[in-house]
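First listed ligand is number 1; within each ligand, the first listed atom is number 1.
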Amino acid sequence: MPATPAWPPASTPRLFVDQPLAADSEIRIEGAQAHYLSGVMRLKAGDPVRLFDDRSGEWLATVSRVGKRDLMLCLAANLQPREPVPDLWLLAAPIKKGRIDLVAEKACELGAARLQPVVTRRTVVDRLNLDRLRAHMIEAAEQCGRTALPQLAEPVKLEALLADWPEDRALIFADESGGVPMRDAVSPGPAAILIGPEGGFTPEEREAIRAVPQAKGISLGPRILRAETAAIAALAIWMAVAGDWSQNKTG
Ligand code: SAH
């Protein structure tokens, strides 16, 4: 059945698949995704599924065969191209498991293009499970309708990050000791938001960050926020003043 405003229904499962999707092809779904579609969602032959591959946008597919451990899907129509994502990176110091997972999930939902873990002097979490963070971002992308996944970068030390800072990218640094409001720090073009760990930045780090010509210290208000709250709040206000929340949504 061709895609129409009423088809596929809003309840149609939506999945990321890590393989290129193309018109009229058939793909095999295995493992946890197959279990989800046939065991949890109880899909049968002919039922619709929405797929995206982070390359070619979103597709409507229909189940062609349900096996014991796998499912075959037929690609029916391209529903939308891969979206343009605002060029915003989130640079966040690793924090405890559940909290960094939340940051990964929310960064995806809020529209960040990339999550870059940054190791600072007071970072206490020394092992970061990137596979787990990526799984959280994929689940968030499936749920929120993204057709482009945020990139997840390997952790980098703050000094190395600053030494190699791209000339054309604004560095918006959330400074609990004070700064300008976000609306006075944004400029058109690529940007990054830097958030410290639970213990904050050291005075030397603060100085090194401020020495980067593209850096601007911002305040997120008079209260000290937890690192994950600061990350989520900063992403939201950046999206509202400089990202894609300022456009009218149609359709
Ligand atoms: N322990 C520190 C607070 C760290 S909060 C202290 O007591 O001073 C963790 C991070 O969240 C900070 O490094 C900063 O990047 C961000 N943050 C928290 N509250 C903020 C605020 N009011 N303004 C700007 N950034 C803030």
Side-chain angles (χ1 to χ4, degrees), residues 86-130 133 136-137 140 150-166 169-187 190-243 245:
D87 195 353
L88 177 66
W89 298 352
L90 175 64
L91 317 171
I95 48 174
K96 276 197 286 179
K97 192 165 147 186
R99 296 179 183 273
I100 191 77
D101 294 346
L102 181 81
V103 169
E105 179 184 289
K106 300 310 168 202
C108 178
E109 283 178 61
L110 294 167
R114 177 184 173 99
L115 172 58
Q116 168 71 71
V118 181
V119 180
T120 67
R121 219 58 68 69
R122 294 184 183 151
T123 300
V124 290
V125 173
D126 56 357
R127 281 218 333 260
L128 203 55
N129 184 335
L130 292 183
L133 285 189
H136 280 285
M137 296 205 299
Q151 294 171 356
L152 177 60
E154 291 283 335
V156 63
K157 286 204 167 131
L158 180 64
E159 301 90 88
L161 180 87
L162 298 180
D164 207 17
W165 190 254
R169 187 170 295 272
L171 175 56
I172 300 171
F173 147 56
D175 187 354
E176 65 273 24
S177 71
V180 300
M182 177 70 92
R183 63 171 175 275
D184 296 340
V186 297
S187 49
I193 293 173
L194 172 60
I195 307 286
E198 290 94 336
F201 293 105
T202 65
E204 299 76 42
E205 286 178 330
R206 208 170 268 127
E207 214 172 290
I209 300 165
R210 285 187 181 272
V212 174
Q214 300 86 331
K216 275 226 167 86
I218 59 151
S219 163
L220 294 170
R223 290 162 293 276
I224 302 286
L225 307 177
R226 298 191 82 127
E228 69 275 23
T229 316
I232 294 165
L235 285 170
I237 39 179
W238 188 91
M239 282 295 164
V241 298
W245 295 10

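Of all protein heavy atoms, the one lying nearest to atom 23 (N) of ligand 1 is Leu220 N, 2.8 Å. The shortest contact between atom 22 (N) of ligand 1 and any protein heavy atom is with Arg223 O, 2.8 Å. Atom 9 (C) of ligand 1 has as its closest protein heavy atom Pro197 O, 3.1 Å. The protein heavy-atom contact nearest to atom 10 (C) of ligand 1 is Gly196 O, 3.6 Å. Leu225 N, 2.9 Å is the protein heavy atom nearest to atom 19 (N) of ligand 1. Protein heavy atom closest to atom 11 (O) of ligand 1, with residue, atom name and distance, is Ala230 CB, 3.4 Å.
With a 4.0 Å heavy-atom cut-off, ligand 1 is reached by the backbone of Ile218 but not by any atom from C-beta on. For Ala231, no heavy-atom contact with ligand 1 is shorter than 4.0 Å.
Within 6.0 Å of the CZ atom in Arg122, the count of heavy atoms belonging to other residues, nucleotides or ligands exceeds 12.
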*Output, in order, the C-alpha distance, side-chain angles, deciding distance and verdict of side-chain contact (heavy atoms from CB on, under 4.5 Å) for Asp87 and Arg169.*
CA-CA 9 Å; Asp87 195 353; Arg169 187 170 295 272; 3.0 Å; yes
*asked:* Please evaluate residues Leu91 and Val156 with respect to the criterion side-chain contact (heavy atoms from CB on, under 4.5 Å), reporting the C-alpha separation (whole Å), side-chain torsions for both, the decisive distance (0.1 Å), and the verdict.
replied: CA-CA 10 Å; Leu91 317 171; Val156 63; over 6 Å; no
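To the nearest 0.5 Å, atom CG of residue Leu162 and atom CD of residue Gln214 are 10.0 Å apart. The distance from atom CG of Leu115 to atom CG of Leu235, rounded to the nearest 0.5 Å, is 9.0 Å.
Gln116 places a side-chain N or O within donor-acceptor distance of the main-chain N or O of Glu154, the cut-off being under 3.5 Å. Between the side chain of Glu205 and the backbone N or O of Arg121 there is at least one donor-acceptor pair closer than 3.5 Å. Listed for the Arg99 side chain is no donor-acceptor partner under 3.5 Å among the backbone atoms of Ala227. Checked by atom type and distance alone, the side chain of Arg114 never pairs as donor or acceptor with a backbone atom of Pro150 at under 3.5 Å.
Ranked by closest heavy atom to atom 8 (O) of ligand 1, the top entry among Met182, Glu198, Glu176 is Glu176. For the residues Ala174, Ala234, Ala93, the heavy atom positioned nearest atom 25 (N) of ligand 1 is part of Ala174.
For ligand 1, the atoms closer than 4.0 angstrom to any heavy atom of Ile224 are 3 (C), 19 (N). The Phe201 neighbourhood of ligand 1 comprises atoms 13 (O), 15 (O), with distances under 4.0 Å to a heavy atom of that residue.
The distance criterion of under 3.5 Å between nitrogen or oxygen atoms is not met by Pro222 with respect to ligand 1. Not a single N or O atom of Ile195, backbone or side chain, sits closer than 3.5 Å to an N or O atom of ligand 1.
Residue Gly179 places no heavy atom under 4.0 Å from ligand 1.
Electrostatic pairing of Lys216 and Asp184 does not count as a salt bridge here, judged by no charged N lying under 4.0 Å from a carboxylate O.
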